[in-house]
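The model shown is predicted, which means the values in this text are computed figures rather than measured ones. Just so it is clear: chains get the letters A, B, ... in the order the sequence lines come, proteins before strands, and each one is counted from 1.
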Amino acid sequence: MKIKFHLTLFSVLFCMAISFAQTQISGTLAGADGVPIPGATVLVQGTNNGTTSDFDGNFTISIELNQNLEVSYLGYLTQIIQYTGQDSINVVLEEDLNELDEIVVTGYGTQKKSNLTGSISKVTNESLDQIAVARVDDALVGQVSGVNIAATEGEAGSAPTIRIRGTGSITGVSDPAVVVDGLLVDNDYLGNLDMNDVASFEILKDAASAAIYGSRGANGVILITTKDGQEGETKFSFNTYTGFKEARQSEAYYFSIADEAAEEFAETGTLSNRTQRKVNLGVDTDWQDIIFDGGTINSYSFAVRGGNKKTKFSTALNYIHDEGVLLTDDYKKYNAKLKLDTKLNDKFSVGINLSPSYSNRRRFDGSTHDILRQTPWLPLYLDANTIQNVNRVRDNGRYANAQIGDYALQRMFDDWDMTNNVAVVSGQDISNTSNTNPAAKVLERDRNDYKFKLYGSLYLKYKIAKGLSFKTTALGDFQHTKRDRWQGVQSNRNGASAASYEVSNEITTHFVTDNFLNYDKEINGHEINAILGFSAEKWDTEYESSEGKGYTSDLLQTITAADPTTVVGSSFNYARRLISYISRVNYAYKDKYLASVSFRRDGYSAFGPDSKYGDFPAASLGWIVSNEDFLKDNAVISNLKFRFSYGVSGNPYFRTSGGVLVDNFPYLSLLESSTAVVDGASAAGFNPINIANSGLQWEQSIELNPGIDFSLFNNRISGSIEYYERTSDQLLIDNPISSTTGFNSALVNIGELKNSGIEFEIRTKNVTSENFSWNSTFLMSSNDNELLNFGDSDGQIQNVDSKRAAEWINSVGNPISSFYGWVVDTDIPLEYIKEPYHPIGAEAQDVYVKDLNGDGLIDDDDKTILGDPYADLVWSFANEFKFGDFDLSFMIQASQGAQVRNMGDQYIFNHFNSAQDFNTATTPNQGFIKQKIFTDDIIQDASYVALRNVNLGYRFNAETLSYLNLNSARLYVSGQNLLYKTADNYTGFNPESINTTSPTTYGYQRAGSPIFSTVSLGLNIEF
Amino acid sequence: MNFNKQKTDIMKHIKILALFFVGVFISSCESDYLEPALTSAVNGGNYFNDVDELNTAVINMYDGLQGVNSTSTNDNKATQIEFYLTEMRSDNTRTKSQEGEAAQFEEYAVEPTNGIVANYYSSFYNVIFRANLVLANLDVATGAAATRIEAEAKFVRAYAYFQLVRLYGDIPLVDSVISPQDTDVTYTRVAAASIYALIKSDLATAVAGLDNTYRTRASQAAAQALLAKVNLTTGDYAAARALLESVVASNNYSLEASLDDVFYNEDNNETIFAIGYIADGLDSQNFSAEWLNAVGRTSGVNYVTNDVIAAFNDFGGNRGASSFRVDADQPTQHQVTKYLPVGSDPTTAGNDWIVLRYADVLLMHVESILAGANETIDPAALASFQLVRNRAGLPTVVTIVTKEGLLNERRVELAFENQRLFDLIRFGVSQEVLSTFSTGFSATDLLLPIPQREIGLSNGLLSQNPGY
């Protein structure tokens, strides 16, 4: 009895003790900066008892005495606090400085950064969307080692040139592949993305990582992942900025009649008739000011993201308007996005991602070189003063009806005696061209690109068994591009007869089906991840265009209003197909020994019937030395990994001179319709447009990439150094052939090219304290490009413009294309020039060149390689400072070793004007004189150092935020290209600007469009 | 528990099997999948199956001769740029303001990198390719059609070679469709004599196989007149005479009442062979615009020299009024009026380019009788000469024809028709006349340079003409 009582009492007391021992405690989680952390996991160690912190970082949990609370959150160090009876537990979470647990997106999957064996660089969008540029690729300058982004065109909305580890291809396309949320899109797509919606960029640089994209990975792959929804309360974010852009002008191209007259006066003691007349006109126009009119850039972006355990959603809207720094150029872009991921049940999950976008780009429809070579004495419009000097009599009264406000033409002022206000017969001309007003060429033309793109994907994921899942995705994009171009009646010297309108529409449908099995398993420290998949892809393109002429006015700018006998139309369509078999296995043992093997087989429709398939294997190994016992607790080395990768990838894209049909069916002999005239009527014929190559196959790229990743002193210093060697062979070349065959080029697979270099990255956390922190990042990459084999074309010499036939040479042992010509000796003294001071700013077109072989003659044997257009070294240095609520970051980026053939000099310095010819009667040593364009006079150093980005921001503190009811708010001022220093001998305004020619004649610059600097003010708020 | 595991296994197996079958299904229709249909061009491998298809290749040859009216330097301009290489290298025309690449011709300072020189070379080898393509597929035609087609292709080929050999000298001989690997053909300069042998043999076939139906396609008279000109160039005067007399005897051609009718009445009786153009977007020409002041892309080329104006004053009769005029915008300059643009837009003109006409036949007749001598009084020669002079408003009876007189007559009759340079060479007076006309002229300037592009590509196999 007594025992029973005691037992009962004991059990009751025990139960009470238990029930009372389980207390509810609450607490708050926050980061070191005091900002609460929602969504962190709070667990009672050793039990199933867990919860997550709420929006304010609060949590409540039942716990017993002496039990431990485990608090963890991605990116922060897990903390364990023992419950010893505290009323509440407030935890401050420290950021996990070890970023090695970061997840990196690889092709068709993800991997822990620590387990990577290939070369993949990740750039997270922390403040990339605060760089005031309209395109996402423009913002990546200097962010990734080995990736060289050059602003080849400065027009609003124009695409920069991206090269990953050098130029690997000869016929046309060395651009990296771009994958957006799993869909491999064409590069043009980058212009329609919204940076505010991008979560991260992963750049797959070596072949082993890119080989998973097989036939398209040879030039590297840029993976873009857009933002997902997050579990938790719905977040609204609004980002906006307004910026002002200004072009960087060239001093060398600045001409002023006042300066020139002063120079002539100082040299000769008097002003020639011509110069005097120009001065008397009283006009000194700076044409750079007129065509580089600057502009503003505005961006507005609104996003809603959120979700719960089962469903996540992310929606975004964005509008950007970039007025561009050139006269008339303009770019507007509208984006919308909806991304939904939902777990139907334990086994099935589905998702949908829809993103339509529309961009409207008005182009600068002129050429800077053409406009800037105009004389400074010409006004833009006629005004009350200048109209008095118009010769209304000349040319049969051609300018009799000139009025104030009309465009001024050079010829208007010829043969006019300004003192007596009367026309003279002739011999008093100051013009140097019969061309129309230079700004009229741009203002009276209207050229636009309208692009609508719709990206869509739908996936279904099925969990078959533990660790094994199957995912099928249907994705694709639809693109409609409309291009039109109106050239008005005042846009050409020939007036209305040259007015024309052309319009074209291109529609491409791209559809992909991806089907993958994914297997994850861990046994005793062996981690295996394998994927096996099949993918089929198709592109269908339709193109049509029409063109009309015969307009008499600018009133109706349509094809219907054109003269019907001048209307020409064309249309064609073509299709491409791709089939792929993909597999990959990643293996890791105890986080120490890593291996990865992948294999992809692609079949592509544009290759010959017997060579449609290509195999792309890759393998890589890694050893995380720092996890070995002997280094595990080393004070200095926190992480050390050796890795080595080898891979084969391909490139199927080429652009021949034969046109897009030849590009897609090069293995067939294609005939297009042609017409001749028989007895006054049109007769139809068929004409071969190419030489077929039925054996055409892949371009192959084989790459070796050893590397070392390290971090020292508990991740205070981290970085990597790697060497890569990429050999591209079976290069697709539109090989020039003798025109006696009837054709000028034929597409063949010959040639071998090698790109090798070193990439070095170092990131340091210099100071980390509560109120001040300072981080630095230094990236550096070098690239050496060498042509190894060029078949019968070794030593080939080409030019791009037969009227200005400056030469390039492609010879084995040198970069793919090198500048070739004579070397300058001295200038021709002014006394031998016919008219040294006319036109303004002109330079003699000839120069004395060196007799390199000393044989007393100047001929082809005195020509030599003058340089090449490829940068030897590209580096960037970024710093981030945080002090209190303020933060400041800036990045300096530079490129060294590239040269450019600045043909702009020939135009802008009026070389070809016969007034600048040397006097054949008096000039000595005429056998040693050659035109400057054939020498290194126009081969200029394209190196630069630039202050690329500066960003000064202020983060609102917690009090202000709660007063305004916001989660976070940041106000910032950002600047791009605030400082940009070019080499001394460079005369242009943009050393990165390269005209589109072929890779064998690369580095040609015809003035191009300028570098510009932007200053913007922005606000990012979240609520 | 066991049952569930079995179910999962089965499900897993079914899934994998399904995937496998899908894969097999797809791979079986793979080969078709990877060869999408070609809808915007014709597959040459399946073409040339019958005579209709072969005829399209015949028409294609004339398209080649027309050249493309465009601003792109990659397009073959063919006949449209011929005047640069012929008239502007003679004492008949020059550029208006001595600027640019075009000025190299009148200054006798042509560079091997000259784009017009290279374009003409490519254009006419492309014409030769089109002709060889027809000949390569001749087996699909039979009987009369085959004879005619062969004759037509050989006429066009011969014409192209005749232009090329006169301008460039020794050139590669391509008489079949070749591939870029045939470097022994593409980079071997064959002696001009062998080229002439091919030309003569081709034209003989053409004469035998054609009739006189067309003026803008090959005809028998065109083949005869062209062969006559070839014979005159190689000194075979008797053969030339016989051919020319056949043309006269055919009674198909006669002189028009005035020179204007020849150039502005398209279906006139004097034209033997012309390259046809229409003022639309596809088949137009632009040389008419280039010969005017700032109408085309240049500021004016093929402008008339004072030298030829003097010749018109001395020997022209009424021809001067129909051949040139004062440039209204620049009264000290003179423009050609034989090809003023026809059509609403002068840059897309429809004027046909006349290659051979009856007046040329008559004057060649005189030349063939003269046979290299200094003068003749042969009545047949006098008669032909008289016909041309009568039309020119010079009815005075001619009693003797001298070599110089014939040369002058040809100059004023056929001015600006791309004949003058070849006439000077054929009459053996080019050195004397041109060095008097221009101080820059030297004997090596009679031949154009082989385009630098070809020399560069040949890697040393091709030699350049002397003086370049």
Side-chain angles (χ1 to χ4, degrees), chain A residues 395-396 434 464-465 470 493-494 497 515 534 536 549-550 563 565-568 572-577 579 603 605 612 657 661 665 668-672 674-680 682-688 691-692 736-742 744 746 795-797 802-803 805 912 914, chain B residues 8 12 15 23 26 30 33-36 38-45 47 56-57 59-60 62-63 66 73-74 98-99 101 113 115 118 121-122 125-126 129 172 174 178 180 186-187 214 216-217 266 276-283 294-295 299 328-329 344-346 348 454 456-457 459:
Chain A
D395 261 0
N396 281 347
S434 58
I464 304 172
F470 173 71
R493 78 174 96 192
N494 296 340
S497 64
N515 306 284
F534 167 78
K549 293 186 181 179
D563 177 347
T565 61
T566 64
V567 174
V568 179
F572 53 83
N573 46 33
Y574 57 90
R576 287 179 283 148
R577 305 267 188 271
I579 282 189
S605 61
K612 287 201 193 287
S657 51
L661 278 176
F665 298 96
L668 296 177
S669 163
L670 298 173
L671 303 177
E672 279 193 332
S674 62
T675 51
V677 174
V678 175
D679 286 345
S682 224
F686 275 101
N687 182 38
I691 296 183
I737 56 178
S738 169
S739 46
T740 55
T741 56
N744 285 334
Q796 171 183 278
I797 295 173
S802 55
K803 287 199 172 128
F912 49 83
S914 50
Chain B
T8 320
K12 185 161 80 180
K15 289 283 178 291
I26 287 169
E30 225 174 59
Y33 183 72
L34 289 180
E35 282 184 26
L38 174 68
T39 50
S40 298
V42 170
N43 182 349
Y47 199 67
T56 61
I59 297 292
N60 191 37
Y62 297 103
D63 176 63
Q66 273 184 330
T73 45
N74 292 328
Q98 291 83 52
E99 274 185 18
E101 212 174 36
T113 49
Y121 190 86
S122 302
Y125 270 105
N126 180 254
F129 161 73
V174 181
I178 56 170
T186 62
Y187 297 131
Y214 297 105
T216 45
R217 277 173 76 164
E266 272 207 352
Y277 294 97
I278 289 181
D280 68 6
L282 292 174
D283 290 306
V295 174
S299 55
D329 292 335
S344 53
D345 176 5
T348 53
E454 295 291 315
L457 283 174
N459 252 337

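At a 4.5 Å heavy-atom cutoff, the contact between F129(B) and chain A is made by side-chain atoms alone. At a 4.5 Å heavy-atom cutoff, the contact between N573(A) and chain B is made by backbone and side-chain atoms alike. Using a 4.5 Å cut-off between heavy atoms, A575(A) touches chain B through backbone and side chain atoms alike. For chain B, the nearby part of A805(A) is the side chain; its heavy atoms alone come within less than 4.5 Å. The contact between V677(A) and chain B is made by backbone and side chain atoms together, counting heavy-atom distances below 4.5 Å. Residue contact with chain A, scored on non-hydrogen atoms closer than 4.5 Å, involves the side chain of T73(B) exclusively. When heavy atoms are compared at a cutoff of 4.5 Å, A279(B) approaches chain A solely by way of its backbone atoms N, CA, C and O.
Minimum interatomic distance between A676(A) and Y62(B) (heavy atoms only, all atoms of both residues): CB-CB, 3.7 Å. Across all non-hydrogen atoms, the minimal contact from L670(A) to A41(B) is CD2-CB, 4.2 Å. Of all heavy-atom pairs between S682(A) and I278(B), the closest is N-CD1, 3.8 Å. For T740(A) against P172(B), the heavy-atom pair with the smallest separation is CG2-CG, 3.8 Å. Considering every non-hydrogen atom in both S674(A) and D63(B), the closest pair reads CB-OD2, 3.4 Å.
Your options are Y214(B), Y121(B), Y47(B), and the one with the most heavy-atom pairs under 4.5 Å with chain A is Y47(B). Note: T675(A) leads I737(A), T741(A), T675(A) in heavy-atom pairs under 4.5 Å with chain B. Ranked by heavy-atom pairs shorter than 4.5 Å toward chain A, the options T348(B), N74(B), N43(B) are led by N43(B). The most heavy-atom pairs under 4.5 Å with chain B, out of A746(A), P688(A), A692(A), come from P688(A). The candidate from T566(A), L668(A), V567(A), I691(A) with the greatest count of non-hydrogen atom pairs under 4.5 Å with chain B is L668(A). Per-residue heavy-atom pair counts under 4.5 Å with chain A were compared for V295(B), I178(B), V42(B), and the maximum is reached by V42(B). When each of A57(B), P180(B), G456(B) is checked for heavy-atom pairs under 4.5 Å with chain A, P180(B) comes out on top. Of the listed residues D283(B), T186(B), L38(B), the one with more heavy-atom pairs under 4.5 angstrom with chain A than any other is D283(B).
A distance-only check finds a donor-acceptor pair linking the side chain of N60(B) to the backbone of F686(A) [under 3.5 Å]. Side-chain atoms of E454(B) come within 3.5 Å of backbone atoms of S739(A) as a donor-acceptor pair (strictly under, hydrogens ignored).
In this structure, CG in N126(B) is found 8.5 Å from CG in N744(A), a value given to the nearest 0.5 Å. Interatomic distance, CG of L661(A) versus OG1 of T39(B), reported as 8.0 Å (0.5 Å rounding).
Residues S40(B) and Y574(A) are not in side-chain contact: their nearest non-hydrogen atoms beyond the backbone lie 4.5 Å or more apart. At least one side-chain heavy atom of Y33(B) sits under 4.5 Å from a side-chain heavy atom of I579(A).
Remark: the D280(B) side chain and the T565(A) side chain contain no N/O donor-acceptor pair separated by less than 3.5 Å.
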